[in-house]
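Every chain is numbered from 1, with letters handed out A, B, ... down the list of sequences.
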2 protein chains.
Amino acid sequence: MQQRVAEQTIGRLSLYRRLLERLLDENKRRVFSHEIAEITGFTAAQVRRDLMGPGPSGNSRHGYDVGELIQAIDDYLDHPGGQRVAVIGIGNLGRALVAFFSGRRPNLSVVAGFDSDPQRVNREINGCRIYPMESLSEVVVDQNISVAMIAVPAANAQSVAKLCVEAGVSGLLNFAPVHLRAPASVYVSDVDLAMSLEKVAFFARQKGNNGKPSSHS
Amino acid sequence: MQQRVAEQTIGRLSLYRRLLERLLDENKRRVFSHEIAEITGFTAAQVRRDLMGPGPSGNSRHGYDVGELIQAIDDYLDHPGGQRVAVIGIGNLGRALVAFFSGRRPNLSVVAGFDSDPQRVNREINGCRIYPMESLSEVVVDQNISVAMIAVPAANAQSVAKLCVEAGVSGLLNFAPVHLRAPASVYVSDVDLAMSLEKVAFFARQKGNNGKPSSHS
DNA sequence: TGTTGTGAATCTCTTCACAGCT
DNA sequence: AGCTGTGAAGAGATTCACAACA
């Protein structure tokens, strides 16, 4: 167990890592905090502060070694044995999730999908097998799945979540437009698309026309 | 008229409103802050604080009138003339977005989709017409679209965003796994699925005493 | 010189606590 | 009695600013 972890720092570390991997692909070997900040849209101080968790590896002269920094973030964020993920609900969104995550990160692999519609089950999408909803508990246990993405209609989300938790899942990423209840031993994150859109619409209106013409530094 | 707007308050107001509409459907006429808090997972004090923006309408005896409260939030969040939204990129995710938002909220309607693949254009999904990418500027101006949801591959996201902004869009909801740059007069929100999943995986690991080797079958 | 790592200051958001109302 | 609305306190996150260093 590590010390107090700032919620949002973890998210940003994930973003930094993805950027760093891109930089490595482009054969960039070293990077400064202000470069990471520039591309990700945060501040240099923020980046350095976040990197205190994974453990400092910076060098005053050349900044950070990209490869070493990726390794440090890996060690900090990833579970040594990897984690298995399931997608519940294989509608448009569920399919998008399976496709999006397939083969993206070996340490965090989407290994199963579930749907209650018989027409959608017993096939594979991007190498991920789709099972009937009835076999959820069994498959979750067998495959040692610890995280579930919930992409079912709002009316079914809570009962599906319950099934997942009872089967041993300890993290839920919920896309249904309801707040999920779960025991304190389970981490729940609600990604509410309707809310996100309405928020953008509100601030777009503020920014867009009658707002003050901003004087950005 | 409105003072400093707390970013996250706007998001929660959107959630409260959706809940209130559900309550109204269930013929619940009055509600207390602690009930809203219970269902949405926030605290009662938080709810009351958030509602100071839309303007207080609570009554000590019976709490809030559900209908009045919805109206107050509508007045606070919505643009009087409504706002039009476009979805850029009609892959799995884009289709899911169009389907999810169609007919959901009259004041915030998804009126157009765009894709660069000729096979995907010139048809309708849930009553939303899909146009070729070339006509983006024209359609955005004609239909007075002020918000765009970007669901194209990472490599194309920034250039698509530029097109949108130049055509007059002032809010972007970005699903591509990159940080979008935009002028200060445009509000940008990045919904990063990979980041969200990695964050859940991290905290799932911390929460669940998930280090136990599975009781092998 | 220019950068990292970090205590301290600042800014933002949430919770407390209670006056006032019904 | 029980609730709302809100000033004030508290917690949390971000930014500042600078010592240490190459």
Side-chain angles (χ1 to χ4, degrees), chain A residues 2-16 20 23 28-69 72-73 76 179 195 199 202-203 206 216-217, chain B residues 2-16 20 23 28-70 72-73 76 179 189 195 199 202-203 206:
Chain A
Q2 34 229 139
Q3 63 208 27
R4 263 170 233 160
V5 194
E7 279 263 343
Q8 340 208 23
T9 292
I10 298 303
R12 284 191 298 266
L13 284 173
S14 161
L15 297 178
Y16 302 155
L20 291 166
L23 292 180
K28 188 162 168 67
R29 309 291 296 273
R30 295 181 168 281
V31 68
F32 295 119
S33 60
H34 64 80
E35 297 179 285
I36 299 177
E38 167 74 11
I39 302 177
T40 56
F42 305 109
T43 66
Q46 178 86 81
V47 171
R48 293 201 302 276
R49 172 74 61 187
D50 289 336
L51 293 178
M52 285 175 70
S57 56
N59 173 298
S60 311
R61 196 164 228 22
H62 303 108
Y64 302 89
D65 179 282
V66 176
E68 275 176 26
L69 193 46
I73 297 177
Y76 189 73
H179 170 67
M195 182 265 255
K199 199 168 146 184
F202 179 87
F203 287 107
Q206 280 219 330
H216 185 57
S217 65
Chain B
Q2 49 215 356
Q3 42 228 41
R4 280 159 234 149
V5 194
E7 280 263 341
Q8 341 210 22
T9 291
I10 299 303
R12 285 190 299 265
L13 284 173
S14 162
L15 298 177
Y16 302 155
L20 291 166
L23 293 181
K28 190 161 167 62
R29 310 289 296 272
R30 294 181 170 281
V31 69
F32 295 118
S33 61
H34 64 82
E35 297 179 285
I36 299 176
E38 168 74 9
I39 304 176
T40 56
F42 305 109
T43 68
Q46 178 86 80
V47 171
R48 293 200 303 275
R49 171 75 59 188
D50 287 338
L51 291 178
M52 286 175 69
S57 56
N59 173 299
S60 313
R61 202 163 223 20
H62 304 108
Y64 302 89
D65 179 283
V66 176
E68 275 176 25
L69 193 46
I70 292 173
I73 297 177
Y76 189 72
H179 169 68
S189 176
M195 183 264 255
K199 200 169 145 184
F202 178 87
F203 287 107
Q206 281 219 331

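The shortest distance between side-chain heavy atoms of F42(A) and D50(A) does not fall below 4.5 Å. Looking at heavy atoms from C-beta onward, I10(A) lies in side-chain contact with Y76(A) at the 4.5 angstrom threshold. A heavy-atom distance below 4.5 Å is found between the side chains of L13(B) and P54(B). The shortest side-chain heavy-atom distance between T40(A) and R12(A) does not fall under the 4.5 Å cut-off.
Whole-Å rounding puts the D50(A) CG to dG12(D) P distance at 17 Å. Atom CZ in F42(A) sits roughly 14 Å away from atom P in dA13(D) (whole-Å rounding). Atom CG of L13(A) and atom P of dA13(D) are 14 Å apart (whole Å). Rounded to a whole Å, the NE2 atom of H34(B) is 18 Å from the C1' atom of dC16(C). Atom CD in E7(A) sits roughly 18 Å away from atom P in dA11(D) (whole-Å rounding). Straight-line distance from the CG atom of N59(A) to the P atom of dA20(D): 18 Å, rounded to whole Å. In this structure, the CZ atom of R48(B) is 13 Å from the C1' atom of dT14(C), given to the nearest Å. Atom CD in E35(B) sits about 13 Å away from atom C1' in dG2(D), given to the nearest Å.
The shortest distance between the side-chain N/O atoms of Q46(B) and the OP1/OP2 oxygens of dC13(C) is not below 4.0 Å. Within the structure, a side-chain polar atom (N or O) of T43(A) is placed less than 4.0 Å from OP1 or OP2 of dT15(D). The side chain of R12(B) places an N or O atom within less than 4.0 Å of a non-bridging phosphate oxygen (OP1 or OP2) of dT14(C). A close approach under 4.0 Å does not occur between any side-chain nitrogen or oxygen of R61(B) and OP1 or OP2 of dG20(C). Residue H62(B) places no side-chain N or O under 4.0 Å from the OP1 or OP2 atom of dC3(D).
Residue contacts for Y64(B): at a heavy-atom cut-off of 4.0 Å it reaches the sugar-phosphate backbone alone, with no base atom in range. Looking at heavy-atom distances under 4.0 Å, T9(A) makes no contact with the nucleic acid at all.
The base of dT15(D) is paired with the side chain of R49(A) by a donor and an acceptor separated by under 3.5 Å.
Note that R30(B) lies outside the cation-pi zone of Y64(B), set by a 6.0 Å cut-off to the ring centre and a 45° limit from the axis.
Comparing G58(B) and A6(A) against DNA chain D, the residue whose closest nucleotide sits nearer the 5' end is G58(B).
The side chain of A45(B) sits closest to dT15(C) out of dT22(C), dT15(C), dT6(C). Closest to the side chain of S60(B), from the set dT4(D), dT4(C), dT6(D), is dT4(D). Of the candidate nucleotides dC3(D), dT15(C), dT14(C), dT14(C) has the atom lying nearest to any side-chain atom of Q8(B).
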